[in-house]
Amino acid sequence: MQNIPHIPVLYREIITTFESIQDGVIIDCTMGYGGHSSMILEANPNIKLIAIDQDQTAIDFSQKRLKSFGDRVSIRKGRFSLVIKEIIKEVGIQNIRGILADIGVSSLQLDEKDRGFSFDSKTLDMRMDIDAPLSALNVVNEYSFKELQKVLLEYGELRNCKKIASAIVDARPFTCAKELSDATLHLLPRGKKIHPATLLMQAIRIEVNDELGELKSLLQSLEEASFTDAVIAIISFHSLEDRIVKQTYTRWSKNCICPAEAMRCSCSKDNALGKILTKKPLTAQEDELKNNVRSRSAKLRIFKMGKK
């Protein structure tokens, strides 16, 4: 029996989201350690699932975990923003009935100190794909003051980004995340239910893995596909991601696409790709929050694409 290193968030909500799907293909864009994938396969016995991940450690683990589902599951390696296009072309939009993307770092990645994701890690890496060219070491030690300031402000929403960027530039080079955390701790925000260095590490991780770019690219691919009957569920973990998903879903749901400044509507007023199923994001229930503290930031938004 494998030791499961990651508890999937919002597991009940995900099962409910896809429970009406009786056939076709569901794509798990962020397979990780197979938690959501295995639950979907168990709850939907007649569907096939294609799972994507760029982390070879996660793929090796999940190949064993999902083996019992046989040819109902297929695993692809790569960035989901790229692989999703191949899958859509290969499977066909009419056969794809569900899309899941859990945009977060897995517990194992956070807990493994040699991956450099945590503020007390012994390395400075943060790459979800260990073969990717850019690591946290490059960002922290090679980015200019202005580049660092931009990363900290846009991806960490750190208001004193200038002071933090200046402290990093003055104290580098850094060799591990703990050194970085200790050197900037006096400048980092306190008073929240998270470690002061959390937003700093988040900002660098987003830059290293181009996480917001990946999310935007995924949403663009789904929009271009314009599925005829598919449920799209995206779990985000911070306001930047949630804002992108919320704004995209809102745009997708509009029938009129005329510019706001237009005096009169000149479109067909039939341009909606579907409808939003969650006016407000779904969040973890009390018992899940108690058993999995990492679920506290998770927000699930669901969109039903297609006219059916």
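Just so you know, residue 1 is the first one in the sequence shown, and it goes up from there. Computed from a prediction, not measured in an experiment: that's the story for all the values here.
- A side chain to side chain contact (heavy atoms under 4.5 Å, CB included) with T184 is found for exactly one of I164, L158, L152, namely I164.
- The main-chain N or O of V9 is never found under 3.5 Å from a side-chain atom of N292 such that the two would form a donor-acceptor pair.
- In this structure, CD on E224 lies 7.0 Å from NZ on K85, to the nearest 0.5 angstrom.
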What verdict does the side-chain contact (heavy atoms from CB on, under 4.5 Å) test give for I244 and K216, after you've listed the backbone C-alpha separation in whole Å, the side-chain angles of each residue and the deciding distance to 0.1 Å? CA-CA 7 Å; I244 291 171; K216 290 177 182 176; 3.7 Å; yes
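- The distance from the CD atom of E214 to the OG atom of S81 is 3.0 Å, given to the nearest 0.5 Å.
- Linking Ile, Leu, Val, Met, Phe, Trp and Tyr whenever their side-chain heavy atoms come within less than 4.5 Å leaves M39 and V73 in two separate clusters.
- Rounded to the nearest 0.5 angstrom, I103 CD1 and D242 CG are separated by 11.5 Å.
- Side chain of N44 to main chain of F18: a donor-acceptor pair is present (N/O by atom type, distance under 3.5 Å, no hydrogens or angles).
- Between atom SG of residue C29 and atom CD1 of residue I84 there is a gap of 4.0 Å, rounded to the nearest 0.5 Å.
- Residues F80 and L134 share a hydrophobic cluster, clusters being chains of Ile/Leu/Val/Met/Phe/Trp/Tyr side chains in contact below 4.5 Å.
- Under 4.0 Å is where a charged nitrogen must lie from a carboxylate oxygen, and between K304 and D229 at least one such pair does.
- S62 places a side-chain N or O within donor-acceptor distance of the main-chain N or O of G34, the cut-off being under 3.5 Å.
- Under the 3.5 Å distance criterion, the side-chain polar atoms of R127 are matched with a main-chain donor or acceptor of A132.
- For the pair D60 and K64, the salt-bridge criterion is not met [side-chain N within less than 4.0 Å of a carboxylate O].
- Ring geometry, F61 versus Y33: the interplanar angle exceeds 60°, so the pair is classed perpendicular (tilted spans 30 to 60°).
- A distance-only check finds no donor-acceptor pair linking the side chain of S135 to the backbone of M126 [under 3.5 Å].
- Remark: side-chain polar atoms of S217 are not paired, donor with acceptor, to backbone N or O of G213 under 3.5 angstrom.
- Counting non-hydrogen atoms of other residues, nucleotides and ligands closer than 6.0 Å to NZ of K122 gives a total of 12 or fewer.
- Between F145 atom CZ and I168 atom CD1 the span is 10.0 Å, to the nearest 0.5 Å.
- In this structure a side-chain-to-backbone donor-acceptor pair under 3.5 Å is present from Q202 to Y155.
- Between the side chain of N271 and the main chain of C256, no donor-acceptor pair closer than 3.5 Å is present.
- Between the side chain of Y249 and the backbone N or O of R301, at least one donor-acceptor pair lies under 3.5 Å.
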Steps toward side-chain hydrogen bond (donor to acceptor under 3.5 Å, both in side chains) verdict (S266, R264): CA-CA 6 Å; S266 60; R264 66 175 60 179; over 6 Å; no
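- No donor-acceptor contact under 3.5 angstrom links the side chains of Q94 and T228, judged on distance only.
- By the 4.0 Å N-to-carboxylate-O rule, R251 lies close enough to E223 to be salt-bridged with it.
- Comment: D129 does not engage R79 in a salt bridge, judged by the lack of any side-chain N to carboxylate O separation of less than 4.0 angstrom.
- When the side chains of ILVMFWY residues are joined at heavy-atom separations under 4.5 Å, either directly or via intervening members, I27 and I15 end up in two distinct hydrophobic clusters.
- Atom CG of residue L282 and atom CG of residue L10 lie 7.5 Å apart, to the nearest 0.5 angstrom.
- Residues V139 and L188 share a single hydrophobic cluster, defined by chaining ILVMFWY side chains whose heavy atoms lie under 4.5 Å apart.
- Within a 6.0 Å radius of CD1 in I130, other residues, nucleotides and ligands contribute 12 heavy atoms or fewer.
- Linking ILVMFWY side-chain heavy atoms closer than 4.5 Å, directly or via other members, places V140 and L187 in a single hydrophobic cluster.
- Between the R65 side chain and the S38 main chain, no donor and acceptor come within less than 3.5 Å of each other.
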